[in-house]
Amino acid sequence: MQQGVRVRFAPSPTGELHIGGVRTALFNWLFARNKGGSFILRVDDTDRQRSSEEYLQSILDSFQWLNLDWDEGPGRGGAYSPYRQAERLNIYREEVERLLAQGKAYTCFCTAEELDADRDKCRRLGQPPRYSGRCRSLTTAEVSAKKEKGLNYVVRAITPDEGETIVDDLIRGKVTFENKVFDDPIIIKSDGLPTYNFASVVDDSKMEITHVIRAEEHLSNTPRQQIIAAQLGYAVPRYAHVPMILAPDHSKLSKRHGATSVQEYREQGILPEALLNYLALLGWSPGEDREIMSINEMVALFSLERVSKNPAIYDLQKLTWLNGHYLRTGKPERITAMTIPFLLKGGIISENQALHERERIGKVVEMVREKVKTLAEVAVASRYFFMDDFEYDQKGVDKHFHRDGAGLLLQQIEDVLEKVNPFSVEEIEKAFIGLSEEIEVPLNKINPATRLAITGRLMGPELFPLLSLLGKDKVIERIKKARKLFITGNI
RNA sequence: GGCCCCUUCGUCUAAUCGGUUAGGACACCAGCCUUUCAAGCUGGCAGCAGGGGUUCGAAUCCCCUAGGGGUCACCA
């Protein structure tokens, strides 16, 4: 049992929380909960241009919706406040001053043009693009002269020209990098804000983060961060780089692959437990052939040792399947509560109905959820329970209404249903069986015609419970309407 | 292009120190159930990237090749 595990997820509020981010957050969260440690949310808002308060709020909403709680961070505070990098500038400044004073960092006045020229030169020579180190040797007099002239400058950390840096990764083992491939990284931008590589190193140390669990795209940046940490005199945390999530075409997941943000999945009627369960399975396996797991089971079973190394391709179908499972097995009241916004949004029920017909809505949802996979589909499939103006399936109309005897059959169904009392599943069933025997027409002819007249569709929940729930009056009314609409002339 | 990572069914993965008819799940296909069905049940199809080694024995260890991904920003 390790003690004092502290992990963090550090989203940048420059967009919605996306699938890859959630998976990383989830692994961090599971690891923390499994170890009895702390999960910290830190806001990486050092990109002044792109960060926004709206995105931050949206990300926080996503976490709340997913029910992933954080022990320290926005809205919660903690012993290592503040948790927004924009509010920690004095800390970075202090550290930079120290590096500058110790000669471990220097100010650099190179312009974008000069840097481009350097890079071009490197490319021509077949060398990796690398900063020349031109400003390393500036004297203090030169530096203050340039500053006085009002020249823009950044601060770079000095990287050793030789030797190697080894990243000891919990998932990948020891990964060795030659120091000569790195140039001196910028740690403070010309706007005075720290770069990611610097701020996150400082924060991880100051916040006493023990394990940095993040996506593999950061692996190549890790040696730079270790170099910066070394200059600062920090010990490095343990690293664990989890495999990336790729789109079905093996490219990086992006907007053109469809929904990528948590909010979009939420709007499509995906349940948080399904999303979490699915994401947990992407790059991690509990063994024992387990697939369906509650969040608590995941916490109990999680370990970094069982995280795989290879990238995973995102498969919507499995998510959908899991969602169907959770949709069907979830507590009825909860599923109903989650469906109501979809019913309202689709104009299927009114605010008033949502408030006063909760019990009936619940019954509809329970019936309808059996054969669909998302909350959005529940709403669509619920429509004819609440609205009379549905469309009729054209194929069904051709098959069941536009044929000889259709009018008579509808009439007979109507007559027999008229007499059913009470309008219960059992009584309806009895009546249908009786009718079938009497007129010598099999139920597989009678039932589809009935369903089509009542719902406009050929598919749906079991017919007799459906009729019972809809109620006698509605059923009779709709059969009459179907007759009027489709049966012309002789019966 | 340099550097780094990765490679088991179409997809997610199991097989943790070499010995299995290479297991499970999604998808797909078939059958069953049923008034229908997108649900459920049963069954089926399908994989160790290729080539060399090491070994009595390799999916598992080593090397090479190929392929995929990441990274080389005053973005995180």
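Quick caveat, the model's predicted, so the values are computed rather than measured. Chain A is the first sequence line, chain B the second, and so forth, proteins listed ahead of strands; every chain is numbered from 1.
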_Looking at B:G69, I'd like to know if its phosphate oxygens (OP1 or OP2) sit under 4.0 Å from a side-chain N or O belonging to A:Lys252._
no
*When you check the phosphate oxygens OP1 and OP2 of B:A73, does a side-chain N or O of A:Arg119 lie under 4.0 Å from one of them?*
yes
*Is A:Tyr153 atom OH crowded by more than 12 heavy atoms from other residues, nucleotides or ligands, each under 6.0 Å away?*
no
*So what does A:Glu377 touch, heavy atoms closer than 4.0 Å: a base, only the sugar-phosphate, or nothing?*
nothing
*Looking at B:G70, B:A39, B:U35, which one has an atom nearest to any side-chain atom of A:Arg328?*
B:A39
*Between B:A39, B:C75, B:A76, which nucleotide gets closest to the side-chain atoms of A:Lys373?*
B:A39
*Both distances under 3.5 Å, Watson-Crick or G-U wobble: report the partner of B:G2, or none.*
B:U71
*Sort out the partner of B:U35 for me: Watson-Crick or G-U wobble, both distances under 3.5 Å, none otherwise.*
none
_Below 4.0 Å: OP1/OP2 of B:A73 and any side-chain N or O of A:Lys189_ = no
*What nucleotide among B:C72, B:U35, B:A38 has an atom nearest to a side-chain atom of A:Asn444?*
B:U35
_Any salt bridge linking A:Arg238 with A:Asp168? Criterion: basic side-chain nitrogen under 4.0 Å from a carboxylate oxygen._
yes
*If the sugar-phosphate is the primed atoms plus P, OP1 and OP2 and the base is the rest, what is the B/S/- string for nucleotides 4-13 of chain B, using protein heavy atoms under 4.0 Å?*
SBSSS--SBS
_Check this for me: does any side-chain nitrogen of one of A:Asp183 and A:Arg119 sit under 4.0 Å from a carboxylate oxygen of the other?_
no
*asked:* Please pick, from B:A27, B:U71, B:A39, the nucleotide with the shortest atom-to-atom distance to any side-chain atom of A:Trp321.
replied: B:A27
_Qualifying residues under side-chain contact (heavy atoms from CB on, under 4.5 Å), relative to A:Leu271, sequence neighbours excluded_ = A:Glu273, A:Ala274, A:Asn323, A:Tyr326, A:Leu327, A:Ile335, A:Met338, A:Leu375
*Would one find a side-chain N or O of A:Thr46 under 4.0 angstrom from OP1 or OP2 of B:A76?*
yes
*A:Glu370 or A:Leu463: which one's nearest nucleotide on RNA chain B is closer to the 5' end?*
A:Leu463
_My understanding is that a pair needs two contacts under 3.5 Å, Watson-Crick or G-U wobble. By that rule, which nucleotide pairs with B:C29?_
B:G43
Show me the donor-acceptor pairs, under 3.5 Å and distance only, between side chains in residues 432-443 of chain A and residues at least two apart or in other chains.
unit_1, atom_1, unit_2, atom_2, d
A:Ser436, OG, A:Val441, O, 2.7

